[in-house]
Amino acid sequence: MTSLDVTMALVVGALFAAGVHLLLQRSLMRIVLGIILLGHGANLLLLEAGGPLGEPPITGGGPDVDVDAYSDPLPQAMALTAIVITFGVTTFLLALSHRSWRLTGHDEVQNDPEDRRIGDVAERADDDPAPHLPPEDRRDAG
Amino acid sequence: MRLALVALPVLVPLLAAGLSLIVSASTDRQRTVTLTALALVLADAIALLAVVERDGTIVVRAGDWAPPLGVVLVADLLAAMLLALAVLVALAVLLFAVGQDNADRGPGITVPYHPSYLVLVAGIALAFLAGDLFNLFVAFEMLLSASYVLITLDAGAGRVRAGMTYVITSLTSSLLFLTALGLVYSALGTVNLADLAVQAERLPPGLRTALSLMLLVVFGIKAAVVPLHFWLPDSYPTAPAPITAVFAALLTKVGVYAMVRTESLVFPRDGSWWVAAVLAVATMLVGILGAIAQDDINRLLSFTLVSHVGFMIFGLALSDVAGLTGTILYILHHITAQATLFLVAGLIVNAAGTAELSRMERGEGARRVHGVTALLFLVGGLSMAGIPPLSGFVAKFALLRAAAAHGGVAAYLLAGAALVTSVLTLYAMVRVWRGAFSPGLGEPLRLRRRPGVVLTMSAAVAMTLTGLGLAAAAGPLADMGERAATELVRPAGYRDAVLVGEGAGR
């Protein structure tokens with residue numbers, strides 16, 4: 001690694017920052033956008049991992065070629081694979097959010113109601129300490 | 001021939017997944033394809049285990065590219081053991097799913113189930129066999145993509161909500177993995193695990209720790225280590241019983257396996273590892289306390305799953321041969337025991353008509369829990385709690401002995417937390433027992449004679465027998481686990497096998 005491209009470092013950093021910020025929002029659409037930005041950031045980072053730019057790899061060749069003049073093809077191959085994967089999964093995520101929107105009519109992430117339900121079970125046991133409820137529920141409510 | 005043994009567990013399910021889509025018009029044909037493929041893979045995995053056990057590590061170079069650049073599949077003893085058991089569990093769970101489908105006679109398993117299930121198995125096999133970090137990432141993506149489909153099959157509002165949590169969490173961890181990969185490559189110029197093991201030594205210690213912790217976070221999310229576990233009890237219980245069973249048995253273990261592989265091979269350390277020790281204690285205690293508070297049987301079991309991942313980190317934290325032997329035995333035990341319990345929970349919920357323990361205990365919902373179900377739950381539950389002579393006892397004993405031999409504050413802290421967790425696990429299991437069985441036992445069997453019930457029951461019985469078999473074979477298994485752990489602690493064999501030449505392992 002000879003040098004670091006400052007522009008790319010800033011771009012990757014900005015993509016990650018924006019992605020994480022969006023990921024922490026309540027709206028599903030923003031979360032999906034956040035995932036997309038994070039994916040772009042990670043893929044660019046992977047591409048940057050190959051070092052400075054050079055001649056297109058694979059093309060050319062012959063015994064007396066200066067290897068250092070070419071770009072490192074391995075991170076490019078990995079980034080290509082990763083782009084395909086993020087693309088596929090993002091499509092699935094979009095389909096799932098559409099389904100969620102059709103089912104609930106809004107695109108907010110919903111709470112998990114189970115914790116409150118457990119609290120209710122404990123509360124009922126507290127109001128009516130009948131023998132049919134396990135004792136630990138009663139203790140929890142107290 | 002030996003090379004084909006390593007490649008087939010990935011190839012067969014993938015090709016079968018394609019075939020399964022072609023014959024998707026007929027459910028029977030889809031089932032035949034899936035069952036045949038998994039039976040073939042199981043035979044292959046057992047043969048692979050036998051060969052690896054006799055001759056040592058087998059390395060396959062895809063396209064005959066030399067290792068540091070090319071893709072390699074590596075079957076060492078640990079990978080072969082886990083692969084064989086994982087495929088066995090996948091086959092048993094498939095039988096359960098087919099049986100439940102027959103029993104329900106409803107829409108049941110839809111067309112995407114079989115291909116997704118096959119891709120899931122291919123991804124799991126690839127994750128165990130992957131010889132480089134990027135291939136491991138691809139394997140994770142394969143099994144996760146399949147699991148996204150499986151967890152949102154036939155999606156109503158509840159399943160979409162849970163699936164959303166699951167997909168977003170997994171995706172975030174995958175992107176973190178990709179980031180870590182980029183950083184590893186720019187620091188070392190390689191992603192091959194064996195090559196990384198050589199190269200990582202010349203990294204500055206700070207950078208090494210940072211990369212190690214980053215991978216720990218990535219695999220920690222997949223393995224549901226506290227405090228990265230919140231997604232698991234939220235999403236797993238909503239899926240149908242067989243899907244939850246296969247996820248709980250295999251997906252978290254793949255995360256633990258990746259953690260063990262990278263931390264022992266690339267970032268080996270002397271003495272106890274404090275971060276992992278703290279995580280293990282927190283995971284064990286937080287998980288089991290969460291389980292005790294639950295009212296839904298599947299959520300209770302999911303929290304138990306989180307708690308018992310802590311036991312596997314326990315052995316990793318000691319990072320010596322005895323500790324890693326304990327981890328390996330625990331992974332083997334937990335794959336079978338957790339799958340059994342989720343399958344049995346499926347039978348209970350089917351019979352009782354509700355998943356809520358408080359309602360079961362009050363006698364709401366029909367009481368048709370079969371006596372055999374109670375017996376199966378008893379064996380699985382006691383095994384989880386570590387009652388001798390079941391497989392849980394063997395694994396926990398190995399861990400506790402490793403802690404005692406290791407000595408030091410961290411080891412005793414871990415051992416104490418493990419004992420408390422075991423007792424609390426027993427308490428959680430007793431809660432399920434009281435809810436599900438105490439009012440209903442002794443009643444005459446009123447099992448509805450439906451086609452398929454026999455199949456679900458025999459799948460659960462097969463899993464229980466596998467667990468008992470693990471306990472019966474504890475001696476040879478512990479020897480094999482110790483050999484696998486020795487290979488992990490002395491990675492020179494793995495390095496030579498991959499980098500120097502095929503079959504030069506050990």
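By convention in this document, chain letters (A, B, ...) are assigned in the order of the sequence lines, proteins followed by strands, and residues within each chain are numbered from 1.
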| note | Smallest heavy-atom separation, A200(B) atom then R208(B) atom, equals O-CD, 3.4 Å
| query | Is the distance between the ring centroids of F134(B) and F137(B) under 6.0 Å? | reply | yes
| remark: What one should report as the nearest heavy-atom pair of D107(A) and W101(A) is N-CD1, 4.4 Å
| query | So among L136(B), N135(B), L133(B), which one has a side-chain contact (heavy atoms from CB on, under 4.5 Å) with L193(B)? | reply | L133(B)
| query | What part of T179(B) lies closer than 4.5 angstrom to a heavy atom of chain A: side chain, backbone, both or neither? | reply | both
| If you count heavy-atom pairs under 4.5 Å between each of T86(A), T104(A), L93(A) and chain B, which one has the most? | L93(A)
| field | For chain B, which residues of residues 17-30 of chain A have heavy atoms nearer than 4.5 angstrom | value | L23(A), L28(A)
| request: Evaluate the salt bridge (charged side-chain N to carboxylate O under 4.0 Å, His left out) criterion for residues D234(B) and R161(B): first the C-alpha distance (whole Å), next the side-chain angles of each, then the deciding distance (0.1 Å), finally the verdict. | output: CA-CA 9 Å; D234(B) 190 19; R161(B) 184 193 59 72; 3.3 Å; yes
| request: Could you look at I85(A) and say if it's the side chain, the backbone, both or neither that has a heavy atom under 4.5 Å from chain B? | output: side chain
| Side-chain donor-acceptor pair under 3.5 Å between S174(B) and E141(B), yes or no? | yes
| note | Okay, V184(B) and chain A: the region with an atom under 4.5 Å from a heavy atom over there is neither
| task | Examine distances only and state if a side-chain atom of T244(B) and a backbone atom of A239(B) form a donor-acceptor pair shorter than 3.5 Å. | result | yes
| note | Value for CD1 (I36(A)) from CD1 (I31(A)), rounded to nearest 0.5 Å, stands at 12.5 Å
| message | Is T90(A) close to chain B through its backbone or its side chain, or both, or neither, when contacts mean heavy atoms under 4.5 Å? | response | neither
| What class does the angle between the rings of Y166(B) and Y148(B) fall in, given that below 30° is parallel, 30 to 60° is tilted and above 60° is perpendicular? | perpendicular
| request: May I ask you to name which of V160(B), L144(B), L181(B) has the most heavy-atom pairs under 4.5 Å with chain A? | output: V160(B)
